[in-house]
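These notes concern the structure reproduced below.
To find a chain, count down the sequence lines: A is the first, B the second, and so on, and within it residues start at 1.
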Amino acid sequence: MAKQILVIDDEQGVRDAFELALEGLPYNVVTADSGEEGVAKARRQRPDLVFLDLRMPGIDGVETLRRLVAIHPGIEVYIITAFYQVYLQPLKKLRAEGIRFQLAQKPLSGDNIREIARSVLGEPGVADHD
Amino acid sequence: MTRGEAQAYEFELFVANHEVQTRAIMHAVERELERVAPGRYHLTLVNVLENPERAIAAKVFATPMLIRHLPAPPVRILGDFSDSARVLRLLGVEGTTGDFQGG
């Protein structure tokens with residue numbers, strides 16, 4: 001059965017970019033336009049990898065991750081955000097709660113997305129050479 | 001580096017947070033480096049939550065990422081480092097099984 005990737009982002013363009021980047025690869029890509037929808041979809045079927053936007057209307061990425069982990073302990077989640085202290089500060093609360101996550105810097109290129117998917121769902125490889 | 005001098009290595013490991021698993025990765029990589037390049041490496045752990053500026057400067061797009069800065073050019077590995085010997089081989093560390101890729 002194909003590995004499932006869940007993309008949670010309120011921006012249609014971003015969701016489209018993830019789908020395009022992962023097109024043709026052996027993954028089943030599911031998207032959600034809000035934290036609430038993402039949690040509902042994850043509840044129906046556990047994703048193997050989640051790409052989660054941090055700043056969203058409704059419940060934000062921090063609360064979405066809390067709910068995802070409550071449903072599926074150990075779920076693999078990449079939080080997508082700009083690497084600015086002001087954006088990362090709320091994530092320290094998650095660390096204090098013992099909630100595990102990885103980070104990915106916005107904006108991600110198609111190559112970046114595929115590398116992350118491969119590293120989580122397959123074997124790691126060299127990301128790039130300068 | 002002149003002929004006859006052993007290769008020195010510089011690495012940075014970028015992580016999202018300090019946790020048991022991260023420390024295990026760090027120790028596994030250090031053990032392998034100590035085995036193949038004793039006293040000839042420097043490995044720095046960077047928590048992106050605490051030091052995002054360093055991650056940006058090092059062109060880190062995701063965690064966990066291990067970067068070999070020296071020898072140049074930089075090489076980046078993303079993902080599971082549980083097989084540290086294989087990771088170091090991919091990074092071209094002399095003494096690991098496989099061809100040396102460094103410059």
Using the rule that two of Ile, Leu, Val, Met, Phe, Trp, Tyr join whenever any of their side-chain heavy atoms come within less than 4.5 Å, decide whether B:L33 and B:L70 are in one cluster.
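Per the 4.5 Å side-chain linkage, B:L33 and B:L70 are not co-clustered.
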If Ile, Leu, Val, Met, Phe, Trp and Tyr residues are connected whenever their side-chain heavy atoms lie under 4.5 Å apart, and connections chain through other members, are A:I71 and A:Y78 in the same group?
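A:I71 clusters together with A:Y78.
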With respect to chain B, which residue among A:G98, A:A104, A:A82 yields the maximal number of heavy-atom pairs within a distance under 4.5 Å?
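The candidate making the most pairs under 4.5 Å is A:A104.
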Could you tell me which non-hydrogen atom of A:F83 sits nearest to which non-hydrogen atom of B:V60, and how far apart they are?
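Where A:F83 meets B:V60 most closely, the heavy atoms are CE2-O, 3.7 Å.
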For the student: nearest non-hydrogen atoms of B:G79 and A:S119, plus distance
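Taking every non-hydrogen atom into account, CA-CB, 3.8 Å.
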Flag yes if more than 12 heavy atoms outside A:R43 fall under 6.0 Å of its CZ atom; otherwise flag no.
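No, not enclosed.
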Please determine whether the number of non-hydrogen atoms from other residues, nucleotides or ligands lying under 6.0 Å from atom CZ of A:R114 exceeds 12.
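Counting other residues, nucleotides and ligands, CZ of A:R114 exceeds 12 neighbours.
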Do B:R76 and A:E115 meet the salt-bridge criterion of a basic N to acidic O distance under 4.0 Å?
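So A:E115 does not pair with B:R76 through a salt bridge.
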Measure the shortest side-chain to side-chain distance between [X] and [Y] over non-hydrogen atoms and say whether it is less than 4.5 angstrom.
X: A:Q85; Y: B:E53; value: yes
X: B:L49; Y: A:L103; value: yes
X: B:F61; Y: A:I116; value: yes
X: B:N47; Y: A:R95; value: yes

Check whether A:I113 gets within reach of chain B through its side chain, its backbone, both or neither, counting any heavy atom under 4.5 Å.
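Contact with chain B is absent: no heavy atom of A:I113 under 4.5 Å.
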